[in-house]
Amino acid sequence: MKTEQIAKSYEPEQVEKKWYAYWEENGLFRGEAVSDKPAYCIVIPPPNVTGTLHMGHALNNTLQDILCRYKKMKGYNVLWQPGTDHAGIATQNVVERDLAAKGADRHSVGRDRFIALVWEWREKYGGLIINQLKRLGCCCDWSRERFTMDEGLSRAVREVFVRLYEEGLVYRGDYIINWCPRCHTALADLEVEHHDTESRLYYIRYPFQDKEGHLTVATTRPETLLGDTAVAVNPNDDRYSHLSNTHVLLPILGKPIPVIFDPYVDTTFGTGALKITPAHDPNDFEIGNTHHLERIKVIDENGVMNEMAGPYQGMDRFECRDKIVADLEQKGLLEKIEPYQNAVGHCYRCKTMIEPLLSKQWFVKTGSLGKAASNAVRAGKTRILPANWEGVYYEWMDNIRDWCVSRQIWWGHRIPAWYCQSCGAVHVAKEAPARCSACNSEDLVQETDVLDTWFSSALWPFSTLGWPDTTPELNTFYPTSALVTGFDILFFWVARMMMMGIHFMGDIPFKDVYIHALVRDAHGKKMSKSKGNVIDPLAVMDRFGTDAFRFTLAALAAQGRDIKLSEERILGYRHFVNKIWNAARFALMNLKEEPQQPKDGSYTLADRWILTRIGQVSRKISGFIEAYQFNEAAGLVYQFVWHELCDWYLEMAKQALYGEDGPVKDAARSVVHTALAAALKLLHPFMPFVTEEIWQRLPGTNESIMIAPFPQDDEFPADEAALQEMELLMGVIAAIRNIRGEMNIPPSKNVHVVIETASDRDEGILTRNLAHIRTLAKVDEASIGQGLAKPDKSATAVFQQTSVHVILKGLIDFKEEERRVAKEIGKTRKELEASQKKLSNKGFLEKAPEEIVAEVRARADSLSVRLTKLKQNLSLLEALDE
RNA sequence: AGGCGGGUAGCUCAGCGGGAGAGCAUCGGCCUUACAAGCCGGGGGUCACGGGUUCAAAUCCCGUUCCGCCUACCA
């Protein structure tokens with residue numbers, strides 16, 4: 001392979017397939033249950049088994065992969081624990097749709113058969129997203145892949161449920177829940193989306209029972225009045241204080257209900273009188289409890305009016321609303337209708353309007369669990385980054401309500417509770433009890449509800465590692481090192497893992513939680529199928545290659561800001577991949593075999609400089625990755641590889657590589673090898689494929705780059721002198737290039753220069769590196785020295801203490817040069833004035849730190865030298881005119 | 001209603017107390033033997049607005065305004 005011809009541009013397709021297979025076959029993704037190395041573990045946010053890879057997944061998993069690959073190269077025993085989530089409602093919906101297409105439904109096939117069908121579906125399609133993660137390059141340990149419905153994880157779920165029940169932290173009770181009449185299940189508060197809705201406020205008259213007149217209430221839901229059991233007013237509301245012990249008649253039904261006093265009622269809203277429907281509104285439910293009101297359900301599980309709705313029985317809830325409004329109107333009980341905007345709850349899955357409904361559900365008591373989870377962050381045991389999310393986390397945790405965990409669907413972990421049909425006793429146990437412990441009956445029926453999918457996800461960091469058994473994996477990897485996720489599931493998932501992890505493992509589930517941004521479209525809109533603005537990551541990878549795509553995500557992943565993804569940006573980073581490819585091509589042409597370690601004295605300035613820079617850059621990149629500053633790390637490696645390694649070092653190395661000096665040539669070959677190898681290693685976490693492809697072609701490598709040690713600054717020299725010398729050399733070359741560019745001198749035309757230096761040191765540096773000045777600035781004749789005069793017909797640039805005169809005899813218009821110099825003078829003067837203003841400020845001199853003052857002073861000195869030289873230059877030019 | 005984030009070059013965004021930056025776009029010069037998916041150079045910004053703190057503010061504080069998001073039990 002190392003001898004074959006290298007293509008002129010990088011072709012990702014074959015390369016990506018080849019190396020992913022290679023990594024997997026060689027067990028490079030494996031985390032060891034027992035190891036001498038320090039452990040590093042991330043559990044993947046399990047994607048829905050029904051899911052396909054979207055931009056959010058792509059970003060989320062790219063970041064995790066960067067961390068894991070980096071840590072592997074740093075010598076850690078890394079486990080990236082993968083798996084999928086059974087996604088109760090979503091998955092059930094998919095299979096139900098299949099059935100519906102065949103004219104069947106789940107009830108016609110029955111529960112057992114239906115569940116078998118879901119498993120079949122999962123076998124067939126459930127691996128889709130896993131393969132897509134592989135396509136992305138994820139280094140997950142696939143030998144440990146888990147599924148939340150696996151036997152082991154199901155055992156963990158039962159264990160947790162039973163133990164919580166025994167500890168009194170799980171209970172069953174009547175409660176107003178969020179009911180989706182289409183999905184036919186309860187939803188947790190979090191699963192309800194509130195949308196601003198144009199609705200109406202109906203003012204309805206409730207006549208007094210024993211006297212003339214009426215009390216007007218305002219409501220958005222007139223159909224629920226059939227279930228009203230009181231009208232509430234604020235005890236401090238003077239308008240209504242005379243109404244104690246009064247009853248009003250429920251319109252249409254004519255039933256007397258009491259007027260009650262409750263401080264909850266807002267006197268400024270509507271009429272200040274609130275109808276109370278405890279069975280169909282969460283607030284009314286609470287008020288109903290304090291006032292011991294009857295709860296009358298008038299709407300059923302299908303969103304249809306039931307037998308308690310009298311004449312409206314059998315009507316859909318919205319149909320009933322229209323009818324009831326018409327009837328009220330007719331009876332003169334409708335005072336007015338006002339347009340109104342309010343936030344109405346919708347099912348997060350199917351967008352159906354939620355019906356608050358009274359029903360019996362299972363709840364997890366969150367008080368003590370939430371407190372512990374909150375305290376763990378306060379105590380700094382778990383860090384949430386960026387830190388502003390901590391506040392959001394506390395806000396939620398401190399106002400947490402009990403968690404409704406039962407779902408009236410079939411696909412999921414069936415709640416391990418059995419009801420005795422003879423005596424009504426409830427048994428919660430890990431396995432089905434044979435008989436009722438209260439009455440000895442064998443007639444036990446299991447609860448039909450299943451658990452919220454997030455219940456099993458909450459156990460993910462320890463259930464995937466083998467809990468409730470004591471396993472070496474738990475011992476090695478728990479608490480896990482980091483969790484990487486989007487803020488949209490901070491409450492759904494992160495908070496609940498914290499609660500469960502602390503309660504059952506006695507320790508936090510992860511040390512760091514890194515919250516990353518949302519990926520939006522180029523205009524900042526959330527990507528959604530309905531808007532049609534989704535960019536499919538797989539299509540992006542097809543077009544641009546996985547490495548370019550991953551690098552783009554990393555480069556845009558600034559903390560605390562959403563990512564606006566555009567194709568232009570990805571294209572730009574594809575160019576970068578190609579740049580790397582070509583730099584490698586160049587290097588490999590000069591590295592037929594692994595170079596020998598060079599003799600000490602043979603290093604050129606460029607060699608010493610690039611080696612020093614690698615050390616510095618490596619250290620900074622490590623720091624950025626460890627601080628989750630992916631964009632900084634990506635930005636630095638980009639600018640280093642392209643603008644330092646390629647633009648300067650490789651160009652300068654050509655001198656040595658194409659030259660005749662044996663030892664210098666050997667040194668350059670060795671440094672090219674070292675620098676390329678280091679660059680590949682720095683890039684590998686971001687661009688796994690192209691780096692492996694090049695690495696494997698590099699002489700002297702045989703193992704995967706995945707396990708090559710990440711560059712460390714102490715492996716490289718810290719040659720301050722080389723940095724300073726290079727700065728001068730680059731500055732002089734840039735100065736000449738600048739004049740050439742401004743004067744439109746074509747690259748084919750070489751120029752003569754006179755370089756006027758201010759010290760022996762500068763003269764020495766430039767003289768020694770004259771060959772570089774010649775090639776990189778297209779110079780033929782050059783003289784360098786102190787006290788040299790500006791030649792006639794020349795343009796001058798000043799860098800630090802050095803004046804660079806480019807002889808332009810016959811090449812250019814000197815009016816043009818005058819304008820150029822005048823412009824430079826203007827710029828320099830402006831900068832100088834800013835510095836001088838500071839230095840003439842007494843406060844600055846007295847109060848600013850010394851090193852800042854020194855810095856400004858040095859800047860002012862150098863600017864003033866520059867200004868003088870530019871001015872001299874200008875007057876010489878003006879003299880030419882005369 | 002409360003909370004959070006944002007308004008910096010034409011576009012997308014970094015920077016968040018001491019010389020206004022990047023990528024793309026744009027303009028000019030180049031097919032220079034790794035790369036035209038490239039090389040060299042240039043132009044372009046009262047850092048939303050108004051106050052304040054400071055020797056020093058794009059950066060910290062207060063206010064205004066315009067976007068975006070999250071949370072919420074005013075029917």
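Proteins come first, then strands; the chains are lettered A, B, ... in the order of their sequence lines, and each starts at number 1. Atom set for the values below is all heavy atoms of this structure, side chains included, hydrogens, waters and symmetry mates excluded. Remember, it's a predicted structure, so these values are computed and weren't measured experimentally.
Using P as the reference atom, B/A72 and B/G50 are 38 Å apart when rounded to the nearest Å. Comparing the P positions of B/G43 and B/G6 gives an interatomic distance of 32 Å, to the nearest angstrom. Comparing the P positions of B/G29 and B/C13 gives an interatomic distance of 33 Å, to the nearest angstrom. Distance noted for atom P between B/C62 and B/G17: 16 Å (whole Å). When the P atom is compared between B/U8 and B/U53, the two are found 27 Å apart, to the nearest whole Å.
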Would you be so kind as to tabulate the donor-acceptor pairs closer than 3.5 Å made by side chains of residues 540-558 of chain A, with sequence neighbours excluded?
residue	atom	partner	partner atom	Å
A/D542	OD1	A/R135	NH1	3.2
A/D542	OD1	A/R135	NH2	3.0
A/R543	NH1	A/E567	OE1	2.9
A/R543	NH1	A/E567	OE2	3.2
A/T546	OG1	A/E16	OE1	2.8
A/T546	OG1	A/E16	OE2	3.4
A/T546	OG1	A/R135	O	3.4
A/D547	OD1	A/F689	N	3.1
A/D547	OD2	A/V690	N	2.7
A/R550	NE	A/F686	O	3.1
A/R550	NH1	A/D65	OD2	2.7
A/R550	NH1	A/L136	O	2.9
A/R550	NH2	A/D65	OD2	2.8
A/R550	NH2	A/P685	O	2.8
A/T552	OG1	A/A548	O	2.6

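The six-membered or imidazole ring of A/F487 lies away from that of A/F492, with a centre-to-centre distance of 6.0 Å or more.
Every residue two or more places apart in sequence or in another chain that forms a side-chain hydrogen bond (donor to acceptor under 3.5 Å, both in side chains) with A/Q639 is listed here: A/E644. Listed by chain and number, the residues in a salt bridge (Lys or Arg N to Asp or Glu O under 4.0 Å) with A/K336 are A/E338 (sequence neighbours excluded). For A/R585, the side-chain hydrogen bond (donor to acceptor under 3.5 Å, both in side chains) test picks out A/N582, with sequence neighbours left out. Residues that satisfy the side-chain hydrogen bond (donor to acceptor under 3.5 Å, both in side chains) test with A/Y638, not counting sequence neighbours, are absent from this structure. Partners of A/R295 according to the side chain to side chain contact (heavy atoms under 4.5 Å, CB included) rule, which considers only residues two or more places apart in sequence or in another chain, are A/D174, A/P278, A/A279, A/F285, A/N289, A/L358. Qualifying side-chain hydrogen bond (donor to acceptor under 3.5 Å, both in side chains) partners for A/D284, counting only residues two or more places apart in sequence or in other chains: none.
Listed candidates were B/C55, B/G28, B/A75. Nearest to the side chain of A/N744 is B/G28. Each of B/G23, B/C73, B/A75 was ranked by its minimum atom distance to the side chain of A/R569; first place goes to B/G23.
Among the atoms of the strands shown, only primed sugar atoms or phosphate atoms (P, OP1, OP2) are found under 4.0 Å from some heavy atom of A/R401. Counting any heavy atom pair closer than 4.0 Å across all strands shown, A/Y573 reaches no nucleic acid atom. Here A/P282 lies out of heavy-atom contact (under 4.0 Å) with every strand. Among the atoms of the strands shown, base atoms are found under 4.0 Å from some heavy atom of A/G272. At a threshold of 4.0 angstrom between heavy atoms, the contacts of A/Y340 are confined to the sugar-phosphate backbone, with no base atom among them.
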Heavy atoms under 4.0 Å is the rule here; annotate nucleotides 34-43 of chain B 5' to 3' with B where the base is hit, S where only the sugar-phosphate is, and - elsewhere.
BBSBSSSSSS
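When the nearest nucleotides of RNA chain B are assigned to A/W389 and A/G270 by heavy-atom distance, the more 5′-ward of the two goes with A/W389.
Of the N and O atoms on the side chains of A/N578 and A/S9, not one donor lies less than 3.5 Å from an acceptor on the other residue. Defined by atom type and a distance below 3.5 Å, a donor-acceptor pair is present between the side-chain atoms of A/K275 and A/T224.
Counting only residues at least two apart or in different chains, salt bridge (Lys or Arg N to Asp or Glu O under 4.0 Å) contacts with residues 830-843 of chain A are absent. A salt bridge (Lys or Arg N to Asp or Glu O under 4.0 Å) check over residues 217-226 of chain A, counting only residues at least two apart or in different chains, returns the pairs A/R221-A/E223, A/R221-A/E355, A/E223-A/R321.
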Secondary structure of RNA chain B per the Watson-Crick/G-U criterion (both distances under 3.5 Å; [ ] crossing, | other strand, . unpaired) is ((((((((.[[[[.)..(..]]]].(((((.......))))).....[[[[[..)....]]]]])))))))....
Could you run down the sub-3.5 Å N/O contacts of the protein with nucleotides 16-19 of chain B?
residue	atom	partner	partner atom	Å
B/G18	O2'	A/K838	NZ	3.3
B/G19	OP1	A/R859	NH2	3.4
B/G19	N3	A/R859	NE	3.0

